[in-house]
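Beneath this line is the structure, given in structure tokens, with notes to follow.
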Amino acid sequence: MKRYSPKLIEKKWQEKWYGSGVFKAQNGSKKRKFYLLVEFPYPSGDGLHVGHCRSYTALDVIARKKRMEGNNVLFPIGWDAFGLPTENYAIKKGVHPSIVTKKNTDNFRRQMKELGFSFDWSREINTTDPKYYKWTQWIFLKLFESGLAYKDKIAINWCPKDKIGLANEEVIGGKCERCGTKVEKKEKEQWMIKITKYAERLVKDLDNVNFLEKIKTQQKEWIGESHGAIVKFSVEGIEESIEVFTTRMDTIFSGTFLILAPGHNFIEKYKNKIENIDEVLKYKEEAKNSSDIDRTNLDKDVTGVQLKGIVAKNPATNEEMPVWIADFVLEQYGTGAVFADAHDKRDFKMAKKYGIALRTSIKPNDELLWQKVKNLEECFEGDGTLYNSSQFDGMSSAIARPLIIAWLLGKGLAKPKTSYKLRDWVFSRQHYWGEPIPLIFCSQCGWQPVPEKDLPIELPKVKNYKPTDTGESPLAAISKWINVKCPKCKGFAKRETDTMPNWAGSNWYYLAYAMLGNSKSEARNPKLDWNEKNIKYWMSVDWYNGGMEHTTLHLLYSRFIFKFLWDIGAVPKQIGAEPYKKRTSHGMVLGEGGIKMSKSKGNVINPDSVVKQYGADTLRVYEMFMGPFEQMIPWDAKGVVGCQRFLEKIYNLALKINPAMRRGAKSNSELDPKFKFSLNKTIKKISEDIEAMKFNTAVSSLMILANNFIENKEFIAKEDVKTLLLLLSPFAPHLAEELWLASSFKGLCCNQKWPKYNPKFIEEEKVLLIVQINGKVRDKIEADFGISQKEAESLALKSEKIKVLVGGNKPVKIIFVANKLINIVI
RNA sequence: GCCGUCGUGGCGGAAUGGGAUACGCGAUUGACUCAAAAUCAAUUGUCCGCAAGGGCAUGUGGGUUCGACUCCCACCGACGGCACCA
């Protein structure tokens with residue numbers, strides 16, 4: 001008797017699949033298209049993580065099922081290969097990043113193929129390939145032409161260790177996302193992308209896509225839309241008024257002072273009018289030097305300086321208001337100025353500290369609280385009832401807000417306004433291993449785009465690609481590459497030496513997969529042309545799965561860039577302005593004991609060793625079985641063994657079926673209604689579970705089915721084995737193919753039709769009726785399916801147990817749930 | 001502080017108004033074996049009981065319901081996101 005030996009079978013089937021092109025997606029096919037996308041990995045030197053295996057296996061299960069259901073499935077993969085770790089490794093070892101990348105992608109590809117993922121390898125992409133980044137650069141040129149890319153001197157988040165500027169999204173708790181070093185501020189000229197222009201649409205269009213609710217919420221919170229108004233506060237002796245953004249127009253009557261951000265341009269502009277300008281400038285300088293994290297530390301005492309000699313006027317009360325600056329007011333948000341009152345904790349704290357007058361105008365519903373608020377003992381920030389607010393007295397906050405805006409709008413002192421927390425995207429990196437920004441600076445003509453025909457601007461091969469302490473790109477040292485002619489005036493000019501952030505390549509990669517041609521002439525050497533016909537056929541992505549950590553980064557950026565491409569007509573209008581129809585996410589795989597896997601803790605599980613010991617199918621089944629897909633889950637080496645036992649069971653069972661049954665005698669599924677029921681029910685359950693990403697329960701029901709087969713093994717016929725193998729094939733495809741062949745079925749298992757259940761057979765003929773007394777289970781009776789309430793009642797009351805328990809009591813009420821339960825209330 | 005997710009056996013978890021603990025792991029006992037591993041069989045929430053049987057159990061406390069792991073309210077705890085955002 002042969003034993004289940006993955007080593008002997010897996011390689012064989014991988015060669016068969018990848019050699020025969022069964023996983024190739026057909027451009028323009030008449031079949032229904034289905035575009036399934038997984039986030040392409042960053043090919044690190046560590047190889048594939050078991051977390052990658054989990055999410056890739058999950059989507060592979062879906063891809064395989066969708067294919068068996070007759071869809072033309074596009075399930076592609078590639079490499080997001082620009083980035084710091086590769087550059088750092090290259091510097092350390094003295095090997096060119098492109099060589100490191102090649103080595104790493106080769107390793108990733110080998111690992112993925114060894115796991116039997118059904119990727120269409122003919123569409124493999126690599127963001128560091130000049131043929132690929134030609135289009136990344138082209139998109140940048142379009143952004144530049146549309147005025148969405150601009151250069152600005154800004155204080156960027158600077159990581160002194162990685163020597164790199166970071167986007168806000170890459171700073172976690174004041175520290176560099178990659179290395180954990182405390183981020184500093186550094187003023188630099190940077191290319192910025194106006195993602196803020198798309199803020200409103202990025203929020204609104206979430207209504208039209210099927211993303212997990214938590215993903216939508218996170219994106220919305222990140223974009224931070226809030227509706228309010230701009231209010232004008234006139235300043236005595238100065239024509240210009242100070243504009244303030246507020247969402248709390250209902251509190252305007254309690255506004256007693258104004259606070260400006262230290263960097264507000266009012267200070268610079270009217271410094272002659274400020275009597276204590278030296279003190280103010282000193283405060284401003286201090287605020288500039290402290291990092292955002294220090295400035296926004298909640299435990300820190302509030303500080304501020306009054307602008308002496310400046311007096312503003314409250315447009316609602318016409319009362320005079322002193323003007324202050326304080327570092328908790330941020331330059332970047334709203335107008336960089338607020339009106340302050342007793343209904344904001346920070347304002348309240350500041351007024352108390354510096355003895356600034358306070359007034360309340362919102363009454364809370366709680367009387368006790370109200371007393372404290374009135375006496376300025378406590379700060380009330382919530383909505384309530386207005387008072388001290390002239391004609392608006394007695395109104396609720398929600399009703400008063402729009403009315404006050406309208407009232408001041410009539411006087412030309414306010415207008416409705418929506419603000420966003422989202423900031424423009426810092427798009428420059430001073431590093432070697434990224435896409436060169438395709439711009440040229442000419443002292444006569446300014447910034448000029450590289451002509452499209454000159455794309456791609458290839459990264460020059462250099463010896464020294466170390467980042468510099470000055471913060472200048474290493475490319476700046478390559479004079480041969482830098483010095484060019486101005487595309488406009490042909491005079492001397494210089495190339496931009498900054499490169500793009502590593503999000504640039506992933507902004508549009510889902511389009512690259514779709515673009516790749518695979519007609520006969522292109523089959524050997526697929527072209528990466530901007531092929532609108534193919535884009536139109538494949539887009540949008542039907543199902544995109546990835547990590548929650550990319551919700552405010554890649555997912556937001558790529559939605560933005562897609563909208564931009566749609567706006568300029570680079571993608572067909574018919575496909576809509578959202579790239580992804582559906583977005584799901586997976587949970588992380590943790591080390592044993594529930595801690596994060598890391599090299600330093602030595603708890604990293606290498607998929608290679610799992611495959612070597614147990615085989616790819618076991619790893620796949622275990623990853624699906626370990627727990628709910630969207631939840632974090634710790635690795636359990638013992639659990640892997642259980643999955644191997646399960647596959648072994650199926651292996652033995654399929655090869656051991658009764659020879660008489662093999663020849664097509666009446667099978668158990670025809671003879672035994674219970675077996676027929678369980679088989680059909682399993683088909684239904686697994687089909688539904690895969691769609692709902694409940695892979696753990698899908699595997700569990702496969703296990704139950706296998707146990708069922710074993711109990712009935714003398715009566716299992718070929719047809720039943722066939723169904724079992726088809727259901728197994730998305731999860732353990734190699735074993736399924738092997739047993740498919742061993743059972744002498746024709747063709748490849750992965751090419752077959754997905755089994756259908758017969759609804760007639762999932763209705764049981766006999767049901768187990770639960771008999772309860774006062775809601776407690778007291779007996780179980782077998783009854784015919786479809787039994788009526790009356791029949792059930794008399795049946796239940798005949799039961800000895802029930803008779804005893806009911807005794808002389810008269811049932812008050814009887815609840816009957818068809819085919820399930822009868823509850824006698826006494 | 002705000003928002004979100006989640007608390008079920010020794011462990012991963014199943015069940016989302018109707019049999020709590022499916023499936024798997026682990027553990028115990030037995031069979032096979034010179035022995036071990038593997039495999040197979042049985043048991044496995046907890047308490048009382050010789051047993052039949054019964055009581056108690058889904059973070060805590062209330063509520064709705066004939067019936068609550070599931071719905072509602074309050075609290076406790078864990079994880080994740082955001083955070084002087086006006």
Side-chain angles (χ1 to χ4, degrees), chain A residues 3 172-173 212-215 217-222 224-226 228 231 244-248 251 255 259 261 292-293 295-300 302 326-330 332-341 343-347 349-350 381 419-423 548-549 551-552 587-588 592-594 621-622 625-628 630-643 645-646 648-649 652 694 696-707 710 768-780 801 811-817 820-826:
Chain A
R3 266 189 64 106
I172 310 294
L212 287 179
E213 240 2 88
K214 62 175 173 182
I215 296 174
T217 310
Q218 259 188 43
Q219 286 216 348
K220 280 182 192 161
E221 276 184 7
W222 184 261
E225 184 177 86
S226 51
V231 195
V244 163
F245 173 74
T246 182
T247 55
R248 290 300 304 274
T251 66
I259 313 172
D292 267 359
I293 199 76
R295 263 177 83 166
T296 57
N297 183 355
L298 282 160
D299 305 325
K300 198 195 65 167
V302 288
D327 64 2
F328 69 78
V329 178
L330 307 173
Q332 308 92 323
Y333 186 74
T335 60
V338 299
F339 75 79
D341 58 54
H343 295 292
D344 179 285
K345 280 199 179 110
R346 299 152 297 170
D347 302 348
K349 222 164 143 185
M350 184 158 163
E381 290 189 305
S419 262
Y420 300 90
K421 290 184 200 170
L422 187 72
R423 293 175 199 175
M548 279 310 284
E549 70 274 20
T551 304
T552 53
M588 249 199 301
E592 299 219 24
V621 169
Y622 172 64
F625 183 61
M626 64 199 302
E630 68 293 346
Q631 205 173 291
M632 267 201 278
I633 219 91
W635 185 265
D636 175 20
K638 286 276 171 51
V640 183
V641 181
C643 292
R645 282 186 199 143
F646 160 63
E648 219 158 341
K649 224 183 242 182
N652 293 329
K694 289 162 99 179
N696 54 334
T697 50
V699 172
S700 137
S701 48
L702 263 176
M703 287 172 169
I704 295 168
L705 186 67
N707 291 340
I710 289 167
L768 200 61
L769 203 63
I770 306 303
V771 184
Q772 295 183 332
I773 291 179
N774 292 342
K776 293 215 171 193
V777 181
R778 294 301 172 183
D779 203 4
K780 297 158 193 180
K801 281 187 200 167
V812 181
K813 198 171 174 184
I814 291 178
I815 282 112
F816 178 69
V817 182
K820 231 172 202 169
L821 163 143
I822 180 156
N823 185 14
I824 303 164
V825 186
I826 52 173

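In what follows, chains are A, B, ... by sequence order, proteins preceding strands, each numbered from 1. Values below: every heavy atom of this structure, side chains too, minus hydrogens, waters and symmetry copies.
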Using a cut-off of 4.0 Å on non-hydrogen atoms, how would the nucleic acid contact of [X] be classed: base, sugar-phosphate, or nothing?
{"X": "A:D347", "answer": "nothing"}
{"X": "A:V817", "answer": "base"}
{"X": "A:K776", "answer": "sugar-phosphate"}
{"X": "A:M632", "answer": "sugar-phosphate"}
{"X": "A:N823", "answer": "base"}
{"X": "A:S226", "answer": "sugar-phosphate"}

Atom [atom1], compared across [N] and [M]: separation rounded to whole Å:
{"N": "B:rA57", "M": "B:rA68", "atom1": "C1'", "value": "14 Å"}
{"N": "B:rA83", "M": "B:rA15", "atom1": "P", "value": "35 Å"}
{"N": "B:rC48", "M": "B:rA52", "atom1": "P", "value": "16 Å"}
{"N": "B:rG17", "M": "B:rC71", "atom1": "P", "value": "8 Å"}
{"N": "B:rU8", "M": "B:rG45", "atom1": "C1'", "value": "10 Å"}
{"N": "B:rG59", "M": "B:rG55", "atom1": "C1'", "value": "22 Å"}
{"N": "B:rC73", "M": "B:rG54", "atom1": "C1'", "value": "34 Å"}
{"N": "B:rG67", "M": "B:rC56", "atom1": "P", "value": "15 Å"}

Between [options], which nucleotide has the shortest distance from any of its atoms to the side chain of [X]?
{"X": "A:V329", "options": "B:rG19, B:rC3, B:rA86", "result": "B:rA86"}
{"X": "A:E221", "options": "B:rG12, B:rG81, B:rA86", "result": "B:rG81"}
{"X": "A:V338", "options": "B:rA86, B:rG19, B:rG81", "result": "B:rA86"}
{"X": "A:P628", "options": "B:rA14, B:rC82, B:rC84", "result": "B:rA14"}
{"X": "A:R423", "options": "B:rC85, B:rA86, B:rA83", "result": "B:rC85"}

Please answer whether the main-chain N or O of [Y] pairs with a side-chain N or O of [X] as donor and acceptor at a distance below 3.5 Å.
{"X": "A:Y622", "Y": "A:W635", "value": "no"}
{"X": "A:S700", "Y": "A:N696", "value": "no"}
{"X": "A:Q772", "Y": "A:L821", "value": "no"}

Subject >> Salt-bridge contact A:D344-A:R346 (side-chain N to carboxylate O under 4.0 Å) >> reply: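 Looking at A:R346 together with A:D344, the answer is yes, because their closest N to O distance falls below 4.0 Å.
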Original post:
With a 4.5 Å heavy-atom cut-off, do A:T551 and A:Q219 have their side chains touching?
Top reply: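 Contact flag for A:T551/A:Q219 side chains = yes.
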**OP:** Taking atom NZ of A:K820 as the centre, report whether more than 12 heavy atoms of other residues, nucleotides or ligands fall under 6.0 Å from it.
**Re:**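 Result for NZ/A:K820: open.
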**OP:** Could you tell me whether B:rG9 is syn or anti, where syn means a glycosidic angle within 90 degrees of zero?
**Re:**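 Here the answer is syn: the torsion falls within 90° of 0.
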Atom pairs under 3.5 Å, N or O on each side, protein against nucleotides 23-28 of chain B: can you list them with distances?
residue : atom : partner : partner atom : Å
B:rG24  : OP1  : A:N707  : ND2          : 3.4
B:rC25  : OP1  : A:R645  : NH1          : 2.6
B:rG26  : OP2  : A:R645  : NH1          : 3.4

**OP:** Quick one: pull up SG in A:C643 and CE in A:M703 and give me the separation to the nearest 0.5 Å.
**Re:**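 Rounded to the nearest 0.5 Å, the SG-CE separation comes out at 4.5 Å.
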Length of the line joining [X]:[atom1] and [N]:[atom2], which is rounded to integer Å:
{"X": "A:Y333", "N": "B:rC84", "atom1": "OH", "atom2": "C1'", "answer": "13 Å"}
{"X": "A:F328", "N": "B:rC84", "atom1": "CZ", "atom2": "P", "answer": "12 Å"}
{"X": "A:N774", "N": "B:rG55", "atom1": "CG", "atom2": "P", "answer": "12 Å"}
{"X": "A:M548", "N": "B:rC82", "atom1": "CE", "atom2": "P", "answer": "10 Å"}
{"X": "A:E213", "N": "B:rG81", "atom1": "CD", "atom2": "P", "answer": "19 Å"}
{"X": "A:K349", "N": "B:rA86", "atom1": "NZ", "atom2": "P", "answer": "18 Å"}
{"X": "A:E549", "N": "B:rC82", "atom1": "CD", "atom2": "C1'", "answer": "17 Å"}

Original post:
How about A:K649 and A:N707: does a side-chain donor come under 3.5 Å of a side-chain acceptor?
Top reply: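 Yes - a donor-acceptor pair under 3.5 Å links their side chains.
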Original post:
Among A:V231, A:D341, A:T335, A:V338, whose side-chain contact (heavy atoms from CB on, under 4.5 Å) with A:T246 holds?
Top reply: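 Of A:V231, A:D341, A:T335, A:V338, side-chain contact (heavy atoms from CB on, under 4.5 Å) with A:T246 is met by A:V231 alone.
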Subject >> A:N823 and its side-chain contact (heavy atoms from CB on, under 4.5 Å) partner, picked from A:V817, A:I815, A:I770 >> reply: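 Going through A:V817, A:I815, A:I770 one by one, the side-chain contact (heavy atoms from CB on, under 4.5 Å) with A:N823 is satisfied by A:I815 alone.
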Subject >> Presence of A:Q631 side-chain N/O under 4.0 Å of B:rG80 phosphate oxygens OP1/OP2 >> reply: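 No.
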**OP:** Could you say whether A:L768 or A:R346 is positioned toward the 5' end of RNA chain B, judged by the nucleotide with the nearest heavy atom to each?
**Re:**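 So the residue in question is A:L768.
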Subject >> Along RNA chain B (nearest heavy atom to each residue), the more 5'-positioned of A:K694 and A:K813 >> reply: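 So the residue in question is A:K694.
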Original post:
Just the dot-bracket of RNA chain B, please: which string comes out with Watson-Crick or G-U pairs under 3.5 Å, [ ] for crossing, | for another strand?
Top reply: (((((((..(((.....[....)))((((((.......))))))((((....))))..(((((..]....))))))))))))....
